[in-house]
Amino acid sequence: SMPPSSKKKKKTRFETPDLLCAVLRDLRALIGFKVVNVYDGDGDGGAFALKLAGNLPNSVSLEKRNVFVGPSRLHVARAAGSGAGAGSVPSPFAGKLRKHLRNLRLSAAATLGGGTDRVASLRFGSGKEHYFLVCELYGRGNVVLCDAGYGILAAWRTHQYDVPGDGGEKVYILNPTYF
């Protein structure tokens, strides 16, 4: 038996190097892929899957990939079967993602904060009709769907703040140094 100190612990958190790898290598390889559908993920209520289809460089066949997005993870896997949660009624958040992202192409994937924050931004669509999926992978995490002007359309986790006189549009605030 191994001493307790030498046992490997299961990785449960997404750290900055993991995010850089996921975005720079894995997701950028899928730029140009079309969103086929959005499924509620692995059954634990903590993730959902974007099913993408397209052609990889040096490939003539149509490839399908699942991008798993959740409060503490973001990764790409080869799509198998009909998708996680296929045939079931989507959650309200997955339904909102289906409404806005289905049939749009992944057009950009970037880390925000110069790679020092665990925040990724995925852009779907081009021209006037495009949306951002902002993945905050720190703390409890969050996933936020934004319009072209970063107006918030839906958020995985929500919180109501009591701010007197605040009835205006909610906008995802980005630090200007991110760009």
Side-chain angles (χ1 to χ4, degrees), residues 13-42 46-54 56-57 63-77 79 84 90-159 168-179:
R13 280 283 168 224
F14 218 75
E15 296 174 9
T16 303
D18 302 320
L19 178 63
L20 291 172
C21 179
V23 171
L24 297 178
R25 187 192 69 205
D26 300 341
L27 287 171
R28 287 188 179 167
L30 302 180
I31 288 178
F33 276 44
K34 185 185 284 189
V35 177
V36 176
N37 213 344
V38 179
Y39 300 101
D40 286 314
D42 48 17
F48 61 91
L50 296 170
K51 186 173 226 174
L52 304 175
L56 290 171
E63 297 282 335
K64 292 184 179 174
R65 297 286 189 269
N66 283 335
V67 177
F68 291 98
V69 181
S72 62
R73 66 190 229 192
L74 174 65
H75 71 272
V76 177
S91 67
F93 186 72
K96 193 79 158 171
L97 294 178
R98 282 183 182 186
K99 176 182 174 184
H100 292 287
L101 301 182
R102 196 182 313 187
N103 293 321
L104 293 180
R105 294 188 184 277
L106 177 65
S107 55
T111 58
L112 301 181
T116 59
D117 288 341
R118 288 175 287 177
V119 180
S121 176
L122 308 178
R123 178 181 165 155
F124 294 91
S126 59
K128 288 186 177 184
E129 186 187 0
H130 67 273
Y131 299 93
F132 294 97
L133 195 61
V134 179
C135 307
E136 302 171 337
L137 302 170
Y138 52 84
R140 289 183 57 210
N142 202 1
V143 181
V144 182
L145 175 66
C146 298
D147 62 17
Y150 280 98
I152 296 174
L153 300 174
W156 181 284
R157 297 184 195 277
T158 59
H159 182 78
E169 178 184 352
K170 305 298 183 220
V171 176
Y172 192 84
I173 305 299
L174 294 173
N175 185 329
T177 61
Y178 287 171
F179 299 103

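Once rounded to the nearest 0.5 Å, the distance linking CZ of F48 with CZ of F68 reads 11.0 Å. Rounded to the nearest 0.5 Å, atoms CD1 (I31) and CZ (R105) are 12.5 Å apart. To the nearest 0.5 Å, atom CD1 of residue I152 and atom CG of residue D147 are 9.5 Å apart. A distance of 9.0 Å separates CG in L50 from CG in L106, rounded to the nearest 0.5 Å.
Cation-pi geometry between R102 and F124 is not met at under 6.0 angstrom from the ring centre and within 45 degrees of the axis.
Pairing each heavy atom of L122 with each of A109, the nearest pair is CD2-CB, 3.8 Å. Scanning both residues, E63 and F33, for their nearest heavy atoms gives O-CE2, 3.8 Å. Considering every non-hydrogen atom in both S121 and F132, the closest pair reads OG-CD2, 3.5 Å. Across all their heavy atoms, G125 and L104 have their closest contact at N-CB, 4.0 Å. Minimum heavy-atom separation, P90 to R98: CG-NH1, 3.6 Å. Scanning all heavy atoms of the two residues, the minimum distance from F93 to V143 falls at CZ-O, 3.6 Å.
V69 is not listed as a side-chain neighbour of W156, based on a closest heavy-atom distance of 4.5 Å or more. Contact of the L97 side chain with the V35 side chain is not registered, since no non-hydrogen atoms from C-beta on lie closer than 4.5 Å. Counting only heavy atoms from C-beta outward, the side chains of V36 and K64 never approach each other to under 4.5 Å.
For A148, the side chain to side chain contact (heavy atoms under 4.5 Å, CB included) partners two or more places apart in sequence, or in a different chain, are H130. With sequence neighbours left out, the ring pair (Phe, Tyr, Trp, His ring centres under 6.0 Å) criterion links Y131 to H100.
Judged by distance alone, the side chain of S107 and the main-chain N or O of R123 form a donor-acceptor pair under 3.5 Å. Formation of a donor-acceptor pair under 3.5 Å by the N66 side chain with backbone atoms of A49 is not found in this model.
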